[in-house]
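Presented below is the structure to which this report refers.
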Amino acid sequence: MTRLRADHEYTKGTMTDLNLGHMQAYALVIELGSFSAAADRLGISQPAISAQVKQLERRCGVRLVERVGRRATPTAAGMELLAHRDRIAAAVDAALEAVARHGTQVAGRIRLGAGATACIHFLPPILERLRHGFPELTVAVSTGNTDDFVADVIGNRLDLALVTLPAAGRALTVLPVLQEDFVAIAPAGMLPPGPVTPAALARTPLILFQSEANTRRLIDHWFAQDGVTARPVMELGSIEAIKEMVAAGLGSSLVPAMAVARAKASGRDAAQGDRWHCHATEAPLRRGLALVLRQDKPMTRALREVLRAIEAAPAIPAADTSRPRRR
C-alpha cells in the first residue's frame, strides 16, 4: 500500500489523500469568481480558503486557478477536476448511505430550497415534525426562485427544492406536491363583492410579484387569457411586503391561498385582515408546487424522510373570502 506523503510532496499516480473539502472550496471559488466571495459564503477568512486551494493544487501537482482580469477562472486542469467533482460527491454519498443502513438513526444534513411563501406558510409545521422525529437530522433551507433552484439542484448545490411548476431539466425528477388556488386581496371597498375578473382587477392599482418569478408568469398568463395586460404600480419579491402594501391601501394583488389561509388561521394576519378583503377569482388561477431532485441523487435515509414528510403534508386550507369585519 502506498504510504501517504505530506501535501507538498506530490506522489504521481495516486489521489488517495484528495481532500474533498478543498475540492468544494475550489469549486466555490470558480463558481463565484472570487476567493473573497467564496470565503464570505463559507464564513471563513480569505487566507484560509486560499490555503485550501493551494493545498489542492499541490496534491494534484498542477495549477488549477488563473486570473482573467479580476476574476478567478479554472485552468484546463481545473476544468477536468470540476468535471469529476459531481461523480466523486455522488460516490461519497453512496458510500455513506451504504454505511448508514447499518444504523438505526436518521441523521445528516439536507439542503432544501423553497420560495419565501412556502418557507413562511407551508414548511414550518413540516420541519417541526422532522425535528421532533429525527433530532439528528438538519434541514438547511434557502430561499430563491424556481430557475435558480433548478440550476442549484442540477449543480448539486441543493439536495432538493420545492418549486413552482413548470420546472424543466432532463436530469431532474419532478414530484408534484400540491395544487393551490390564488386569491385576490384588496382594501375594503376597492373591489366589488364576489369573485373578481382580470378586467376588474386591472382597473385597480396592481401590486404583483417580480416579473422573473414563475408565479408572476402564471399571473400574467391569467390576465392575458382575458385579453388584459397587467401593468403593476409595484413589483415586489416578498409576499409579506405585498400584503403590507395592500393593507396600507395602496392597491390590490393576487397571492397564493397559503399566504393568507394559514396566517389568518393562526391569527398572525388579524391586523391586516381588518384592512383588506380576500376575493375568489372568477376564472381559475392556480399553481402547482413540486419537489425537484437529480435523477441520480443517492436516496439516503435522511433525504427519504424529508421527501416523505413534504409529500404527506396536509392540504392548504381554503382562504376566507367572506367580507371583512368592520372596526
Side-chain angles (χ1 to χ4, degrees), residues 2-100 108-113 138-144 147-161 169 171-172 292-298 300 302-303:
T2 304
R3 180 182 178 84
L4 302 184
R5 302 183 182 181
D7 279 341
H8 65 278
E9 296 178 6
Y10 173 60
T11 306
K12 185 176 181 180
T14 179
M15 295 287 281
T16 52
D17 58 348
L18 182 65
N19 188 301
L20 297 178
H22 295 170
M23 184 182 293
Q24 291 299 105
Y26 168 68
L28 192 58
V29 168
I30 297 304
E31 177 188 345
L32 300 178
S34 164
F35 282 85
S36 59
D40 288 342
R41 177 76 65 84
L42 294 174
I44 62 177
S45 67
Q46 181 174 338
I49 200 166
S50 297
Q52 291 183 26
V53 173
K54 288 185 181 297
Q55 289 176 32
L56 182 63
E57 288 181 323
R58 285 197 294 268
R59 180 79 258 331
C60 294
V62 293
R63 287 183 59 211
L64 300 173
V65 181
E66 60 186 0
R67 290 196 175 275
V68 176
R70 302 180 65 178
R71 185 174 182 84
T73 61
T75 63
M79 292 292 292
E80 291 279 1
L81 182 62
L82 289 172
H84 290 277
R85 179 176 64 108
D86 287 344
R87 291 195 295 275
I88 292 172
V92 171
D93 287 344
L96 293 176
E97 166 65 5
V99 172
R109 182 172 182 268
I110 297 298
R111 301 163 299 172
L112 169 65
T138 298
V139 182
V141 182
S142 58
T143 61
D147 292 343
D148 290 339
F149 285 152
V150 167
D152 286 343
V153 168
I154 291 174
N156 207 35
R157 294 179 291 275
L158 288 174
D159 297 306
L160 74 164
L172 294 177
V292 294
L293 65 159
R294 285 176 58 124
Q295 292 179 0
D296 59 355
K297 188 72 178 175
T300 64
L303 182 57

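When a residue number appears, it is its place in the shown sequence, counting from 1.
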Mind checking salt bridge (Lys or Arg N to Asp or Glu O under 4.0 Å) for R85 and listing every partner two or more places apart, or none if nothing turns up?
none
Test of understanding: with salt bridge (Lys or Arg N to Asp or Glu O under 4.0 Å), list the residues that count as partners of D152, not counting sequence neighbours.
R157
Please check if atom NZ in K297 has more than 12 non-hydrogen atoms from other residues, nucleotides or ligands closer than 6.0 Å.
yes
Using a 6.0 Å cut-off, check whether atom CD of E66 has over 12 heavy atoms from anything other than its own residue.
yes
Test side-chain contact (heavy atoms from CB on, under 4.5 Å) applied to F149 and L158, step by step:
CA-CA 8 Å; F149 285 152; L158 288 174; 3.6 Å; yes
List in chain and number order the residues that pass side chain to side chain donor-acceptor pair (under 3.5 Å) with S142, two or more places apart in sequence or in another chain; answer none if no residue qualifies.
none
What closest approach, in Å, do [X] and [Y] show between heavy atoms, and which atom pair accounts for it?
X   : Y   : value
H84 : R87 : ND1-NH2, 2.9 Å
F35 : A72 : CE1-CB, 4.3 Å
Q52 : G21 : OE1-O, 3.9 Å

To the closest 0.5 Å, what do you measure between [atom1] ([X]) and [atom2] ([Y])?
X    : Y    : atom1 : atom2 : answer
D159 : R294 : CG    : CZ    : 11.0 Å
Q295 : L172 : CD    : CG    : 7.0 Å
M23  : C60  : CE    : SG    : 6.5 Å
L64  : T73  : CG    : OG1   : 11.5 Å
Q24  : I88  : CD    : CD1   : 9.5 Å

Report yes if some heavy atom in the side chain of [X] is under 4.5 Å from a heavy atom in the side chain of [Y]; otherwise report no.
X   : Y   : result
L81 : L56 : yes
R41 : L28 : yes
E57 : V65 : yes
I30 : L82 : yes

Please determine whether side-chain contact (heavy atoms from CB on, under 4.5 Å) holds for the pair I49 and L42, giving the CA-CA distance in whole Å, both sets of side-chain angles, and the decisive distance to 0.1 Å.
CA-CA 9 Å; I49 200 166; L42 294 174; 3.7 Å; yes
Reference residue L160; test side-chain contact (heavy atoms from CB on, under 4.5 Å); the match among V292, I110, V153
I110
